[in-house]
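One-based numbering, in listed order, for ligands and for the atoms of each.
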Amino acid sequence: MKIDILTIFPEMFQNFLTQSIIKRAIEQRLVEVEIHNFRDYSKDPHHKVDDTPYGGGSGMVLMCQPIFDCLDKIRTKDSYVVMLTPDGTKYHQSIAYKLSEKKHLILMCGHYEGFDERIRSLVDLELSIGDYVLTGGELASMVVADSIIRLVPGVIKEDSHLQESFNDDLLDYPVYTKPAVFRGMKVPEVLLNGDHEKIAQYRREQQIKKTKEKRPDLLEK
Ligand code: 6GU
């Protein structure tokens, strides 16, 4: 998989791409990530990427030219273009699975008052990561890229996906590691005696209990 990210703040991605699982996925060539500063595509003498809104109002609007020219350069017939914007579809694990099957993703990060409306004509999917406002799409694009990259075959152990929060609209069961007693707090007995059927049943019950307590909205679906 190839992921291209369009941003005017490329430095924000340096740590994200050079740590932990994402770093390893890139080193193993399971995914290729390229950051494009679309300011480099601006034909304005001062490399301007934004201007004031027609009709008046506050803030600046990202203009068409740099983004259209950048897309003209990097887009292929396999590209799937995602715009990160607070008014997009709310992101979910089910979308992460769908996007993880694409050959080529282009993630577009916005800023200021938003994108010139005509930029949306380039886009296959508009995504928001939740109902709150960020200063820009960069953190959102990292959230989306991270959740997709870990689903690419080979990036993490395949069976780790099977028991994961949100796969079946249930939260994960609680887990414990050594020691069996810590400051008087005991690991549930059922996990210690190796009866795998009992353990599976216990974990399922815990998933339902935890989801009822913390995320009743998931059970209603
Ligand atoms: Cl994708 N962008 C911005 N600026 N704010 C957000 C968002 C995206 N998703 C939630 N809040």
Side-chain angles (χ1 to χ4, degrees), residues 1-17 19 21-22 31 33-42 47-68 70-71 74-75 79-102 104-152 164-166 169 171 214-215 217-218 221:
M1 166 185 276
K2 169 86 193 278
I3 304 178
D4 285 301
I5 302 178
L6 275 56
T7 174
I8 46 171
F9 297 102
E11 292 85 359
M12 284 183 75
F13 294 85
Q14 283 322 306
N15 291 321
F16 169 59
L17 296 174
Q19 313 290 320
I21 291 171
I22 304 302
V31 61
V33 183
E34 196 172 338
I35 309 296
H36 303 266
N37 187 345
F38 60 82
R39 193 180 292 285
D40 297 341
Y41 290 81
S42 172
H47 300 285
K48 219 162 78 142
V49 291
D50 57 350
D51 212 328
T52 52
Y54 277 120
S58 65
M60 299 291 273
V61 177
L62 287 169
M63 52 210 250
C64 291
Q65 180 273 315
I67 292 179
F68 271 74
C70 183
L71 261 244
I74 67 176
R75 186 174 211 164
S79 304
Y80 191 82
V81 181
V82 177
M83 173 188 275
L84 283 311
T85 170
D87 50 14
T89 301
K90 204 195 280 183
Y91 195 51
H92 185 267
Q93 186 68 16
S94 57
I95 303 177
Y97 275 105
K98 283 186 193 131
L99 294 180
S100 73
E101 287 166 5
K102 305 286 182 196
H104 182 207
L105 282 176
I106 298 174
L107 306 182
M108 216 185 254
C109 306
H111 261 270
Y112 317 119
E113 283 308 297
F115 295 93
D116 184 305
E117 193 65 20
R118 292 165 291 189
I119 294 171
R120 295 183 199 265
S121 69
L122 300 169
V123 169
D124 296 302
L125 179 65
E126 298 178 21
L127 285 181
S128 157
I129 61 164
D131 294 339
Y132 40 82
V133 181
L134 302 169
T135 57
E138 281 73 16
L139 288 170
S141 76
M142 287 185 245
V143 167
V144 170
D146 185 285
S147 61
I148 292 167
I149 291 169
R150 63 187 290 289
L151 295 176
V152 170
E164 227 163 45
S165 292
F166 306 117
D169 285 327
L171 300 179
K214 296 187 176 181
R215 292 292 306 276
D217 57 302
L218 293 178
K221 282 208 271 181

What pair of heavy atoms forms the shortest contact from Leu99 to Met1, and how long is it?
O-CE, 3.3 Å
Electrostatic pair Asp87-Arg120, nearest N-O below 4.0 angstrom
yes
Which protein N or O atoms sit under 3.5 Å from any N or O of ligand 1? Give each pair with its distance.
residue	atom	partner	partner atom	Å
ligand 1	4 (N)	Leu134	O	3.1
ligand 1	5 (N)	Leu134	N	3.1
ligand 1	9 (N)	Ser128	OG	3.4
ligand 1	9 (N)	Ile129	N	3.0
ligand 1	11 (N)	Tyr132	O	2.5

Taking every non-hydrogen atom, the tightest pair across Leu62 and Cys109:
CD1-O, 4.4 Å
Is a side-chain N or O of Gln19 found less than 3.5 angstrom from the main chain of Gln14, in a donor-acceptor match?
no
Under 3.5 Å side-chain donor-acceptor pair for Thr85 and Glu126
no
Polar side-chain atom of Ser42 near backbone of Lys48 as donor-acceptor pair, under 3.5 Å:
yes
